[in-house]
Amino acid sequence: MALLCGEAMKIAKNRNSSALVPLPGDFYARDPRAVSRELLGKVLVRRQQRKLLTARIVEVEAYLGPDDPASHSARGRTARNFVLFGPPGFSYVYFIYGNHYLFNVSCLPDGDAGGVLFRALEPISGIEQMAEARDILIDATGELRKLTSGPGRLAEAFGITRERDNEKDLTSPRSDLIIVDDGFRPGRIEVTPRIGITKAAESPLRYIIAGNKFVSRG
DNA sequence: TACATGATGCCCT
DNA sequence: GGGCATCATGTAG
């Protein structure tokens, strides 16, 4: 906990300085599997009024595009999934199950479809705002997992919706939603099958920081 | 225009 | 561990 507060302080202090430089487009212009692996340990940052919401990425899934039956882009470009076919580093947000927004980032060069789904984060700063957005109370024992452990949960905690955030450039310094490298490096990374899909359900394309308690399951 | 379904989470048992 | 809310989207008719 002390470590988390220290990290939050470091990031908050360095706002408007080099600590908040977003990862560049080149980072995302690669195979979603490589992007997935390297996104682990990076920090998702939302600028919200005067507040800074930050959380470490601990679980993601790769969706490979036309050759991946589970990918939204498997059957071609539509009004919903067009962002996946566009330039890398843009947010693809969609609504599912009548309740939840799921947050992805586009990968591969412009014209090639592919993406990474964000499945779980470890909150660093702006925890009160996240709890408010999730409409839950954080007591003294602090069940922080409920904030951002799960793709629908993390989107709600960060106020991510399709209307507000779809097709947003995550690589622009002017964006209110970016991903930064704060120097943290994960220990062991585990790769498992993806969660909640029926097609290509066995492919090992889910990447997690081994042992991290904010991972959504497993 | 109708209809089946889904990259989920929550509540109940 | 299972049932279910709830609706945008894609596809079929």
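Each chain gets a letter, A, B and so on, in the order its sequence line appears, and its residues count up from 1.
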OP1 or OP2 of B:dC10 less than 4.0 angstrom from a side-chain nitrogen or oxygen of A:Arg134, does that happen here?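 Yes, because at least one side-chain N or O of A:Arg134 sits under 4.0 Å from OP1 or OP2 of B:dC10.
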
Under a 3.5 Å cut-off for both distances, is B:dA7 Watson-Crick or wobble paired, and to whom?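 Result: none.
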
Base-pairing mate for C:dT6 - Watson-Crick or G-U, with both contacts under 3.5 Å: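 In the structure as shown, C:dT6 has no Watson-Crick or wobble partner.
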
Rounding to a whole Å, what distance do you find between [X]:[atom1] and [N]:[atom2]?
| X | N | atom1 | atom2 | value |
| --- | --- | --- | --- | --- |
| A:Arg206 | B:dA7 | CZ | P | 16 Å |
| A:Asp135 | B:dC10 | CG | P | 11 Å |
| A:Phe95 | B:dG6 | CZ | C1' | 12 Å |
| A:Arg162 | C:dA8 | CZ | P | 11 Å |
| A:Leu154 | B:dA7 | CG | C1' | 12 Å |
| A:Leu147 | B:dG9 | CG | P | 13 Å |
| A:Arg145 | B:dG9 | CZ | P | 11 Å |
| A:Asn99 | B:dC10 | CG | C1' | 10 Å |

Examine the side chains of [X] and [Y] and answer whether a donor and an acceptor come within less than 3.5 Å of each other.
| X | Y | answer |
| --- | --- | --- |
| A:Glu163 | A:Tyr101 | yes |
| A:Ser216 | A:Ser149 | no |
| A:Glu122 | A:Asn212 | yes |

Nucleotide nearest [X] (side chain, heavy atoms from C-beta), chosen from [options]:
| X | options | value |
| --- | --- | --- |
| A:Thr198 | C:dT11, B:dG6, B:dG9 | B:dG6 |
| A:Leu102 | C:dA5, C:dG10, B:dA7 | B:dA7 |
| A:Ser71 | B:dA7, B:dG9, C:dT11 | B:dA7 |
| A:Arg153 | B:dA7, B:dT8, B:dC10 | B:dC10 |

Which part of the nucleic acid does A:Arg80 contact within heavy-atom distance under 4.0 Å: base, sugar-phosphate only, or nothing?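 Counting heavy atoms under 4.0 Å across all strands, the contact made by A:Arg80 is with sugar-phosphate only.
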
A:Asp68 and salt bridge (Lys or Arg N to Asp or Glu O under 4.0 Å): which single residue from A:Arg75, A:Arg194, A:Arg33 fits?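 Of the listed residues A:Arg75, A:Arg194, A:Arg33, the salt bridge (Lys or Arg N to Asp or Glu O under 4.0 Å) partner of A:Asp68 is A:Arg194.
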
Regarding C:dA5, can its base be found pairing with the side chain of A:Tyr97 as donor and acceptor, where the two atoms are less than 3.5 Å apart?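 No.
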
Start at the 5' end of DNA chain B and walk down; is the nucleotide closest to A:Glu156 or to A:Tyr92 reached first?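 Looking at DNA chain B, the more 5' nearest nucleotide goes with A:Tyr92.
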
Is any side-chain heavy atom of A:Tyr63 less than 4.5 Å from a side-chain heavy atom of A:His72?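 No, their side chains stay 4.5 Å or more apart.
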
